[in-house]
Amino acid sequence: MKFANKRLRHELKYYIAPNEYESLRRRVATVMRLDRNSIGNEGYHIRSLYFDNMNETALFDKNNGTFQRKKYRIRIYNRSDAVIKLERKSKFNEFTAKESAPLTRAQFDSLMAGESQFLLESGDLLMREFYYDMLHGQLKPSVVVDYIREAYIYPVSDVRITFDKQLQAGVQSFDIFDPNLVTLESIEGPRQILEVKYNQFLPDFIKHLIQLSSHNRSTISKYVLCKEKQKVFTG
């Protein structure tokens, strides 16, 4: 499905307890392949720098359930600069779309120094639109989101089941490459986040496998959770 020339996907989110996680991961692992980015059975590390404007539009649009919204982030994996992605995640009612463009470490460092002209000069549409949103929408770094992702893949309908663990917020810096970045746990209680993503349909055997009903779904945003933790810490 497409909207505004973007490929749309379903994205279902749930909070799960540790015992549910252990049971689910065992069942899922029997029929789905662990994501190739994993560096062990626990998955891989993700760290993202999210952007918002001075009015915190991305934060309030999410909390208010705005029908159509978007947010930008820069994402790295396993604390390495080998892969750096500029991403824009858009929400259209029940559907999501994600676009990405590669960045170099030098380009990231330029952005952090307030130099963004290279985005405009890029031949990449996402980079240019990010430049205009930074210029006219006054986007600036907002919060660092840090967690471990255990992801499983099934090729039909591009199904991804992910367990996001140890969600933490960066509270003193926006430097995603800082090995000493101070982070704080951002989920209350021993809970994890289960995400189920797919294109046209979710195969019946996977529905039965995960055994989750629609009334257990949550409107979870890792950005919002971490931003709120940052606000508490900074007062």
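All heavy atoms count here, side chains included; hydrogens, waters and symmetry mates do not.
Checking Ser48 against Arg75 by side-chain atom types alone, a donor-acceptor pair falls below 3.5 Å. Side chains of Tyr21 and Arg25: a donor on one and an acceptor on the other come within 3.5 Å. A donor-acceptor contact closer than 3.5 angstrom is absent between the side chains of Asn53 and Asn55. For the residue pair Arg47 and Asn78, no side-chain donor N or O sits within less than 3.5 Å of a side-chain acceptor on the partner. Side-chain contact, Tyr223 with Asp52: a donor N or O sits under 3.5 Å from an acceptor N or O.
Other residues, nucleotides and ligands contribute more than 12 heavy atoms inside 6.0 Å of the CG atom of Asn19. Atom CD of Gln138 sits in a sparse spot, with 12 or fewer heavy atoms from other residues, nucleotides or ligands closer than 6.0 Å. Shown here is Tyr132, whose OH atom has no more than 12 heavy atoms of other residues, nucleotides or ligands within 6.0 Å.
Pairing each heavy atom of Asp146 with each of His45, the nearest pair is OD2-NE2, 2.8 Å. The two residues Phe92 and Ala97 come nearest to each other via the heavy atoms CE1-CB, 4.2 Å. Scanning all heavy atoms of the two residues, the minimum distance from Ala169 to Ser186 falls at N-OG, 3.2 Å. Counting all heavy atoms, side chain and backbone alike, Leu126 lies closest to Ala101 at CD2-N, 3.8 Å.
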Problem set entry | Step-by-step side chain to side chain donor-acceptor pair (under 3.5 Å) determination, Lys227 to Ser142 | CA-CA 8 Å; Lys227 185 64 181 177; Ser142 180; 3.1 Å; yes

Exercise. Tyr152 and Ile206: side chain to side chain contact (heavy atoms under 4.5 Å, CB included), yes or no, with the steps?
Worked result: CA-CA 12 Å; Tyr152 295 87; Ile206 294 181; over 6 Å; no

Problem set entry | Audit row: Tyr14, Arg217, side chain to side chain contact (heavy atoms under 4.5 Å, CB included) steps and yes/no | CA-CA 5 Å; Tyr14 307 84; Arg217 285 179 59 187; 3.3 Å; yes

For this session: Carefully, step by step, assess Glu99 and Lys70 under the rule salt bridge (Lys or Arg N to Asp or Glu O under 4.0 Å).
Result: CA-CA 11 Å; Glu99 305 152 89; Lys70 64 183 178 183; over 6 Å; no

For this session: Tell me, with the steps shown, if Lys98 and Glu87 meet side chain to side chain contact (heavy atoms under 4.5 Å, CB included).
Result: CA-CA 7 Å; Lys98 187 172 73 173; Glu87 297 183 336; 3.9 Å; yes

Problem set entry | side chain to side chain contact (heavy atoms under 4.5 Å, CB included) between Tyr154 and Val28, intermediate numbers included | CA-CA 10 Å; Tyr154 186 73; Val28 167; over 6 Å; no

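Between Ile187 and Lys165, the closest side-chain pair of non-hydrogen atoms is not below 4.5 Å. A heavy-atom distance below 4.5 Å is found between the side chains of Met32 and Val159. At a threshold of 4.5 Å between non-hydrogen side-chain atoms, the residues Leu34 and Glu150 count as touching. Using a 4.5 Å heavy-atom cutoff, the side chains of Val144 and Thr183 are not in contact. The side-chain heavy atoms of Lys71 and Ser90, taken from C-beta on, include no pair separated by under 4.5 Å. Using a 4.5 Å cut-off on side-chain heavy atoms (C-beta onward), Phe163 and Leu24 make contact.
Clustering of Ile, Leu, Val, Met, Phe, Trp and Tyr side chains at separations under 4.5 Å places Leu184 together with Val171, Val182, Phe233.
Following chains of ILVMFWY side-chain contacts shorter than 4.5 Å, one cannot reach Ile176 starting from Ile39, and the two form parts of different hydrophobic clusters. Linking ILVMFWY side-chain heavy atoms closer than 4.5 Å, directly or via other members, places Leu139 and Leu103 in a single hydrophobic cluster. Hydrophobic clustering, with ILVMFWY side chains joined whenever heavy atoms are under 4.5 angstrom apart, groups Phe201 together with Val31. Criterion: ILVMFWY side-chain heavy atoms under 4.5 Å apart, direct or through other members. Under it, Tyr147 and Leu181 are not part of a common hydrophobic cluster. Transitive grouping of hydrophobic side chains (ILVMFWY, heavy atoms separated by less than 4.5 Å) keeps Val145 and Val232 in distinct clusters.
No donor-acceptor pair closer than 3.5 Å links the side chain of Ser116 to the backbone N or O of Leu119. Side-chain N or O atoms of Ser23 include none that pairs as donor or acceptor with a backbone N or O of Glu20 at under 3.5 Å. One N or O on the side chain of Gln107 and one on the backbone of Thr104 form a donor-acceptor pair closer than 3.5 Å. Not a single donor-acceptor pair under 3.5 Å links the side chain of Ser122 to the backbone N or O of Met127. The backbone N or O of Asp164 lies less than 3.5 Å from no partner atom in the side chain of Thr162, so there is not a single donor-acceptor pair.
Ion pairing of Glu94 with Lys13 is absent here, as no side-chain N (NZ or NE/NH1/NH2) approaches a carboxylate O to less than 4.0 Å. Comment: Lys222 engages Glu195 in a salt bridge, judged by a side-chain N to carboxylate O separation of less than 4.0 angstrom. The residues Arg149 and Asp35 are annotated as not salt-bridged, no charged nitrogen and carboxylate oxygen being separated by less than 4.0 angstrom.
Residue Asn37 holds its CG atom at 8.0 Å from CD1 of Ile153, rounded to the nearest 0.5 Å. The structure places CD of Glu185 at 10.5 Å from CG of Leu225, a figure rounded to the nearest 0.5 Å. Taking CG of Asn199 as the reference point, atom CZ of Arg160 lies at 11.5 Å (rounded to 0.5 Å). In this structure, Ile46 CD1 and Ile148 CD1 are separated by 8.5 Å, a value rounded to the nearest 0.5 Å. Going from atom NZ of Lys197 over to atom CD of Glu11 covers 5.0 Å, rounded to the nearest 0.5 Å. A distance of 7.0 Å separates CD1 of Ile84 from CD1 of Ile76, quoted to the nearest 0.5 Å.
Take Tyr131 and apply the side chain to side chain donor-acceptor pair (under 3.5 Å) test, not counting sequence neighbours, and it matches no residue.
With respect to Phe108, the side-chain contact (heavy atoms from CB on, under 4.5 Å) criterion is satisfied by exactly one of Leu86, Ile74, Asp81: Ile74.
Taking the six-membered ring where tryptophan is involved, the planes of Tyr44 and Tyr77 are tilted, since the angle between them lies from 30° to 60°. A parallel orientation is assigned to the rings of His10 and Tyr198, their planes being inclined by less than 30° (bins at 30° and 60°).
Under a cutoff of 6.0 Å and an axis angle of 45°, Arg105 and Phe177 form a cation-pi pair.
Side-chain rings of Tyr72 and Tyr50 stay apart, their centers remaining 6.0 Å or farther from each other.
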